[in-house]
Amino acid sequence: MLYDFRSFINPGYYAFGKGTLSRLGQLIDRRKENGKGWTAYLIDIYFKDKNIEAKLPIIAGDLIIWIDPVLEPKTSLVDEYAAQIKAHNPQLPSVVVGMGGGTAMDYGKAVRLMVTNSGASHEYQGLDKIKNPGIYCICIPTISGTGAEVSMTTVLSGPEKKLGIKCDYTMPDEIIFDPELLDTVPDAQRFYTGMDCFIHNVESLEGTWITTMGKAFAEKSNEMCEDVFMNDSLSRIEADEKLMVASILGGNSITYAQVGVCHALSYGLAHVLGIHHGVGNCIVFNQLEKYYPEGYKKFKEMQIKAGVEIPEGICANVTDEQLNVMAAKALANEHMWDNAFGKEWRNHINADIIKDLYRKM
Ligand code: NAD
Ligand code: ZN
C-alpha cells in the first residue's frame, strides 16, 4: 500500500426510498439552531426550468446556485461559489445541499468546506489538508454510478493539478436517495455513469489492493449493476433504485481497495481532451479486454443491451505532444498502477503501451 493505515469514514445518515425528497425540509430543520438558519443549494442546472423549487423546502433567505456540469468541477468556481454564499449572509448557512450528479455533489462537498476554511481551494488539494470541519452537507444524487455521494474526496481541476480534496471532512453528512429523481436521465448518460460504478468494482476486484471489505462491496454492487442493465423484468424505477444502491456499494469498493488501469487512462483523456469521467471510462474500458477479460465481456453485453454507442476515434487527431502529456498524466497515477499490477507495475506498463492504447480510442 502507498498510503498509511486509515480508518474509513462513511456518511452519518442515509435517507432511502421513493418520495424521500419530500422529507428534505425535516432533515434541514433538525440541523438548525433554535429553528434559525438558512440553506445553500447547489443544484444541477438541468433542473433549472423543471420547477424543482416547488419540490424543495426553500424558504426566504435560502440561496440556489445552479451548477453547469458541462465542465467538471474547478477550484476557481468552488472559490467563487463559497464567496457567493458568504456574501449572501454573513451568518453561514446551517446546511449545504449538493443535488445532481457527481459534478454538483462534488461542488457541494467542496464549497461546504471552503466557507469554513480560509484561502483558496487549490491549496487544499491532496490528502488531509483541510483544517476545519465544513457546514452540514446533504447530498442528493439525481444520476447514479460515481459513488461521489459516499466518497471522502471531491475531484477538482486546479491551476496546477486535477486532484481531490480528500479527507474525512469531505464526506457528506447525509444522503437522500430518491429513485424518482433518476427518471429523466437520458439512456446514454445513465449507461456511462452506471458503468463508472461497474468499472470501480472490476478494478477493485481485479486489483492487488483488494480487501475482504472491498470484495464484499464490489461483488454485490456488480451483481446489482448487471441486474439493472440486463434484467428486462425490472421496471425503470426498480432498476434506478438498484442503481442507486449499486453506486453506494461501488463507491465503498474503491474506498476499501483502489481503481486501476481504466481510471488511470481516463485521467489522461480528461486532462487533454476534457472528456467527462463516465463516458471517458467507457471509451477506455472498451480497449481493456487484455487487462480485464471477464469484466470486458460483461461490459460489452450490457452495452449491446442498452443500445448505447461508445464514442470512437476521439484520439484520431491528437498530436504527439498531446499523446505524451496524456501518457504522462496516466502514468502519474502510481497508486492505481500499483493496485492494478502490484509493486513491480513498471514491468507491466509504460508510456509506449499507454500511447498504443490511446491511439485505438
Ligand atoms: P454529471 O454530474 O457530470 O452529470 C452528467 C449529465 O447528467 C449532466 O448533463 C447533468 O445535467 C445530467 N443529469 C443529472 N441528473 C439528471 C437527471 N435526473 N435528469 C436528466 N439529466 C440529469 O455526471 P456524473 O457521471 O454523475 O459525474 C461525473 C463527475 O463526478 C466528474 O466530475 C467526476 O470527476 C466526478 N466523480 C467524483 C467522484 C468522487 O468520489 N467524488 C467519483 C467519480 C466521479
Ligand atoms: Zn470513477
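Order of listing sets the numbers, starting from 1, for every ligand and every atom in it.
With respect to atom 7 (O) of ligand 1, the closest heavy atom belonging to the protein is Gln189 CG, 3.6 Å. Among all non-hydrogen protein atoms, the one lying nearest atom 42 (C) of ligand 1 is Thr146 O, 3.5 Å. Looking only at heavy atoms of the protein, atom 30 (O) of ligand 1 is closest to Gly102 CA, 3.2 Å. Protein heavy atom at the shortest distance from atom 25 (O) of ligand 1 is Thr193 OG1, 2.8 Å. Of the protein's non-hydrogen atoms, Thr103 OG1, 3.4 Å is the one closest to atom 1 (P) of ligand 1. Atom 15 (N) of ligand 1 has Thr142 OG1, 2.7 Å as its closest protein atom, hydrogens excluded (heavy atom only). The nearest heavy-atom contact from the protein to atom 19 (N) of ligand 1 is Thr184 OG1, 2.7 Å. Looking at atom 31 (C) of ligand 1, its nearest protein heavy atom turns out to be Glu72 OE2, 3.3 Å.
The stretch residues 82-92 participates, sequence neighbours left out, in no side chain to side chain donor-acceptor pair (under 3.5 Å) pair at all.
Checking only distances, Thr153 does come within under 3.5 Å of ligand 1, N or O to N or O.
Near the Zn ion (ligand 2), less than 2.8 Å away, sit the protein N, O or S atoms Asp196 OD1, His200 NE2, His263 NE2, His277 NE2.
Ring orientation note: the planes of Phe229 and Phe191 are nearly perpendicular, at an angle over 60° on the 30°/60° scale.
Here Lys305 pairs with Asp232 in a salt bridge; the nearest charged N to carboxylate O distance falls below 4.0 Å. Using a cut-off of 4.0 Å between Lys/Arg side-chain N and Asp/Glu carboxylate O, Lys297 and Glu294 are scored as not salt-bridged. Between Asp178 and Lys18, none of the side-chain N atoms (NZ, or NE/NH1/NH2) sits under 4.0 Å from a carboxylate O, so this pair counts as no salt bridge. Note on Glu149 versus Lys109: no salt bridge recorded, every NZ/NE/NH1/NH2 to OD/OE distance being 4.0 Å or above. A salt bridge does not link Asp79 with Lys74: none of the charged nitrogens is closer than 4.0 Å to a carboxylate oxygen. Under a 4.0 Å N-O distance rule, the pair Arg190/Asp240 qualifies as a salt bridge.
Contacts with ligand 1 closer than 4.0 Å are made by side-chain heavy atoms of Phe47 only, the backbone lying farther away. For Asp44, every heavy-atom contact with ligand 1 shorter than 4.0 Å involves the side chain, none the backbone. Contacts between Met105 and ligand 1, counted as non-hydrogen atom pairs separated by less than 4.0 Å, are absent for every part of the residue. Proximity of Asp106 to ligand 1, defined as any heavy-atom pair under 4.0 Å, is confined to the side chain (atoms from C-beta onward).
The closest approach between any non-hydrogen atom of Pro73 and ligand 1 is below 4.0 Å. For the ligand labelled ligand 1, residue Asp183 lies outside the 4.0 Å heavy-atom shell. By the 4.0 Å heavy-atom criterion, Gly101 is counted among the residues contacting ligand 1. For the pair Met152 and ligand 1, no heavy-atom separation below 4.0 Å is found.
In this comparison of Ser151, Ser266, Ala148, Pro69, the heavy atom closest to atom 40 (O) of ligand 1 sits on Ser151.
No side-chain donor from either of Glu206 and Tyr291 sits under 3.5 Å from a side-chain acceptor of the other. Between Lys355 and Asn324, the side chains place a donor N or O and an acceptor N or O closer than 3.5 Å (distance only, hydrogens not considered).
Put simply, CD on Glu238 and CG on Leu243 are 13.5 Å apart, with the number rounded to the nearest 0.5 Å. Between His335 atom NE2 and Asp338 atom CG the span is 10.0 Å, to the nearest 0.5 Å.
Judged by a 6.0 Å distance limit and a 45° cone about the ring axis, Lys298 is not positioned over the six-membered ring of Phe198. Taking the centre and axis of the six-membered ring of Tyr46, the NZ or CZ atom of Lys50 falls inside the cone set by 45° and 6.0 Å. With Tyr13 as the aromatic partner, Arg30 meets the cation-pi criteria of under 6.0 angstrom to the ring centre and within 45 degrees of the ring axis.
Ligand-side atoms of ligand 1 in range of Val185: 16 (C), 17 (C), 18 (N), 19 (N), 20 (C), range being under 4.0 angstrom from any heavy atom. Of all the atoms in ligand 1, the ones that sit under 4.0 Å from a non-hydrogen atom of Leu181 are 18 (N). In summary, the atoms of ligand 1 found under 4.0 Å from a heavy atom of Asp196, numbered by their order in the structure, are 43 (C). The contact set between ligand 1 and Lys109, taken as ligand atoms under 4.0 Å from a residue heavy atom, comprises 41 (N).
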Contacts table for residues 278-288: side-chain donor-acceptor under 3.5 angstrom, sequence neighbours left out:
from: Asn281; atom 1: OD1; to: Ser266; atom 2: OG; distance (Å): 2.9
from: Asn281; atom 1: ND2; to: Asp196; atom 2: OD1; distance (Å): 2.9
from: Asn281; atom 1: ND2; to: His263; atom 2: NE2; distance (Å): 3.2
from: Asn281; atom 1: ND2; to: His277; atom 2: NE2; distance (Å): 3.3
from: Asn286; atom 1: OD1; to: Lys300; atom 2: NZ; distance (Å): 2.6
from: Gln287; atom 1: NE2; to: Lys360; atom 2: O; distance (Å): 3.3

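A search for salt bridge (charged side-chain N to carboxylate O under 4.0 Å, His left out) contacts involving Asp68 returns nothing, not counting sequence neighbours.
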